[in-house]
Amino acid sequence: MAAHSAVLSMSKIIKPFWGGHLGNTVKVFGTTLTSHRNKSSLTRENIPPPAKYGGRHTVTLIPGDGIGPELLNHVREVFRFSCVPVDFEVVHVNSAVETEDDINNAITAIRRNGVALKGNIETKHTMAPSVKSRNNLLRTSLDLYANVMHCQSLPGVQTRHKNIDIMIIRENTEGEYSSLEHESVSGVVESLKIITRNNSLRIADYAFKLAREKGRRRVTAVHKANIMKLGDGLFLQCCREVASGYPDITFDSMIVDNTTMQLVSKPQQFDVMVMPNLYGNVVSNVCAGLVGGPGLVPGANYGHVYAVFETATRNTGKSIANRNIANPTAMLLASCMMLDHLKLYDHASSIRNAILNTMNETRLHTADIGGQGTTSEVVQTIMRFIQSKGQLTSEY
Amino acid sequence: MTARSVRSLSGALKPLFSNRCPGVYGAASCNQRQKSTYTTIPPPARYGGRHTVTLIPGDGIGPELGNHVRELFRFCCVPVDFEVVNVDSSVASEDDINNAIMAIRRNGVALKGNIETNHNLPPSYKSRNNLLRTTLDLYANVMHCQSLPGVRTRHRNIDIMIIRENTEGEYSSLEHENVPGVVECLKIITKTKSLRIADYAFRTARAKGRRRVTAVHKANIMKLGDGLFLECCKEVASGYPEITFDSMIVDNTTMQLVSRPQQFDLMVMPNLYGNVVSNVCAGLVGGPGLVPGANYGEDYAVFETGTRNTGKSIANRNTANPTAMLLASCLLLDHLKLHAYASMIRRAILSTVSETRLHTADLGGQGSTSEVVQSIMNAVQSTGPQTLSI
């Protein structure tokens, strides 16, 4: 982004000089400008690299509520132990107050750093309806339009279904989560579900690009266009339009109720799924349940400029907070995704391998996957694995 | 019907008795009126001891399954006559569905297959099934998901009753495009309908001896809408102290359903979540071919398969599972108070489902629809009551 604006300002200065004389040079310069502009708006590969000073990245950390703070402490512990060059800027968001200052501070911090790792911020039902969901505010302000969740059967975890490998891409900013509700007549509430062509094209584009990148063969759009003809019909149409530009990828569509039924009987048939916000919520939770529960799956929210990582099912886990029984896997895998995003691939794969090896040991499973292990035991084992691989680590 | 006849009778008799005993007669007609709540929907038309039921074949596997139902009823000498009303899903005019609605108003009860909603037709063409439900005000969709003994599934001992609001919510078909490229869909939640469905849910729970009612919602995001629904459920719950009431967000609900479905007892929810959750539960107990569904209103009742599939891809190939439609017809017989026939046919169906070699393709077997129906008829005959010759 800096290079881009520098080029623009330079051209403004140079133009009056060279105006009449070097028409060709200006034309050439002009084309360079245009191609720069095109490149930075295209794919997420060209998201400007996040802040990196002295070789260390700064990442915003939002502890959130429930199990968020303890899990994120474990993440910091593991990162410090593995000597990952990442510093965390912690921003607390208090979910009990009505003012939006806290979340605005968090958003400013993320704009500054470009990347964040967050726990879920609780939305209290008892507060006034004008208090919007903080998580939702964060997603819409930063325009994190794609929520990506990769559900894979982990080898060490016993589940009823095997060999699941589904990628769920969910529109993250509009749909039913627009928070636009009103009560024109007392006793009658209207909630608006917004579907726009731009956002639908954008998410469909993201889905197909990701599918091509990861070598996926099939994209399924999930919708309810038989009832919501205009809304989901528009979404489906946008998906079809984008699909026509990717002839190597098969595109099909399925109604959401049939999708959920197929997911519980034969989840192996699905490859990549793209859908609007609410269906994404339900389908991703079903898939998380199929591969072993909310403690195992990481999620990522991508925008054009920012990326925020969290657990996929966005649970606060209030009932198990501070009892050392939460499963740290989801949050640790999310931090690995963050490291991949920061292009620190070696650290990412070493931590990921350690996590997967730890998963294979059944006696270390936490309560949610049927074991009796504690969070700290799991984290200790992961750190031991990292150390045994021989890489540089801090003292124990 | 009885309430109506009493009222009209009172209308006729009032001038005669007006001065003598208006109080007594008034009280009698009052009682009748109050009694016609959901449990005492006026019994449907019954002439010469035989009931008339509207049959809407629908599309896909609907017609063949409807035929099997008729075959079975004729075989068991069930005193039910079917008035068949065909609804053509490919024409844009609403005459067909209006005829069907009129027939249901006349008869009070219907058995239907799913009518296809073609995506290629313009958006002004509303879903026929939806039209039927809203016009007849069939506000409660009840689906009882039970693990059947003969069917092997990944989860066992599931026994969940799902009560879904059937007329409003996301299915209001109110959409508009004020700005090109931006579509707004309205999801309507009203206090009256939420109270009504919550009331229905708790009454059903009490009638069936259920201990716990769970409301499924997404009130953390849709604070006003689902917040209103939740509030109404809480209000009604306070009148039923013996039943535990709790609530769960829909995403957590679906996740719990795929890991531990045995924790749920009775669930009540708005329309769209009901759609998703009922399909998840149907998938858990063995698929769309096994679960019947019922739509109840104040005056009418319509029975169909629980997951409302047209099954176009398996139509007319003799591979569809008739269990869901046949169990729905048993629910119909229960509604008509022909309990003996209902239990007889239900027993036969359940014993047939236990035989693995008769399982149809959706349950992993190779049986055909007609084999299954034959076997059910054999089972009925062997239990002894009067049947036609095969």
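Small disclaimer: the values here were computed from a predicted structure and weren't measured.
Per-residue counts of heavy-atom pairs under 4.5 Å with chain B were compared for A/Asn281, A/Asn198, A/Asn226; the largest is that of A/Asn281. Counting heavy-atom pairs closer than 4.5 Å to chain B, the top-ranked of the candidates A/Leu236, A/Leu230, A/Val185 is A/Leu230. Among B/Asn309, B/Ile221, B/Ile249, B/Thr117, the residue making the largest number of heavy-atom pairs under 4.5 Å with chain A is B/Ile221. Between chain B and the options A/Lys193, A/Glu181, A/Glu183, heavy-atom pairs under 4.5 Å are most frequent for A/Glu181. Counting heavy-atom pairs closer than 4.5 Å to chain B, the top-ranked of the candidates A/His161, A/His182, A/Glu174 is A/His161. In terms of heavy-atom pairs under 4.5 Å with chain A, the best-connected choice from B/Glu170, B/Arg308, B/Lys218 is B/Lys218. With respect to chain B, the highest number of heavy-atom pairs below 4.5 Å among A/Leu192, A/Asn258, A/Asn285 belongs to A/Asn285. Chain B forms more heavy-atom pairs under 4.5 Å with one residue of A/Ile195, A/Thr123, A/Asn136 than with any other, namely A/Ile195. For chain A, the option among B/His155, B/Glu177, B/Gln256 with the highest count of heavy-atom pairs below 4.5 Å is B/His155. Ranked by non-hydrogen atom pairs under 4.5 Å with chain A, the options B/Lys191, B/His176, B/Lys187 are led by B/Lys187.
With salt bridges taken as basic N to acidic carboxylate O contacts below 4.0 Å, one links B/Asp137 and B/Arg196. With salt bridges taken as basic N to acidic carboxylate O contacts below 4.0 Å, one links A/Arg197 and A/Glu241. We find that A/Arg240 and A/Asp252 are not joined by a salt bridge, their nearest charged nitrogen and carboxylate oxygen being 4.0 Å or further apart.
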Review point. Given A/Asn327 and A/His365, is the side-chain hydrogen bond (donor to acceptor under 3.5 Å, both in side chains) satisfied, shown in steps?
Key: CA-CA 8 Å; A/Asn327 195 338; A/His365 283 182; over 6 Å; no
Check your understanding: Under the side-chain hydrogen bond (donor to acceptor under 3.5 Å, both in side chains) criterion, do B/Asn295 and B/Tyr139 qualify, and how do the steps go?
Key -> CA-CA 7 Å; B/Asn295 304 287; B/Tyr139 64 90; over 6 Å; no
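Considering every non-hydrogen atom in both A/Met331 and A/Gly119, the closest pair reads CE-CA, 4.1 Å.
Neither the backbone nor the side chain of A/Phe235 comes within less than 4.5 Å of any heavy atom of chain B. Only the side chain of A/Leu234 comes within contact range of chain B, with heavy atoms under 4.5 Å apart. For B/Phe229, no part lies near chain A; criterion is any non-hydrogen pair under 4.5 Å. When heavy atoms are compared at a cutoff of 4.5 Å, A/Leu278 approaches chain B solely by way of its side chain, counted from C-beta outward. Neither the backbone nor the side chain of B/Pro180 comes within contact range of chain A; no heavy atom of the residue lies under 4.5 Å from a heavy atom of that chain. In this structure, chain A has a heavy atom under 4.5 Å from the side chain of B/Leu228, while its backbone stays farther away. For a residue to count as touching a neighbouring chain, one of its non-hydrogen atoms must lie under 4.5 Å from one of that chain's; by this rule A/Asn315 touches chain B with the side chain only.
At a cut-off of 3.5 Å, with distance as the only test, a side-chain donor of A/Glu310 or A/Asn301 sits close to an acceptor on the other residue. Judged by distance alone, the side chains of A/Thr316 and A/Glu122 never bring a donor and an acceptor atom under 3.5 Å apart.
With A/Ser153 contributing its side chain and A/Ile164 its backbone, the two residues share a donor-acceptor pair below 3.5 Å.
Geometric assessment of B/Arg128 against the ring of B/Tyr125 yields a positive cation-pi assignment under the 6.0 Å and 45° thresholds.
Shown are B/Leu257, B/Thr254, B/Val276, B/Asp251; of these, the side chain to side chain contact (heavy atoms under 4.5 Å, CB included) with A/Val286 is made only by B/Thr254.
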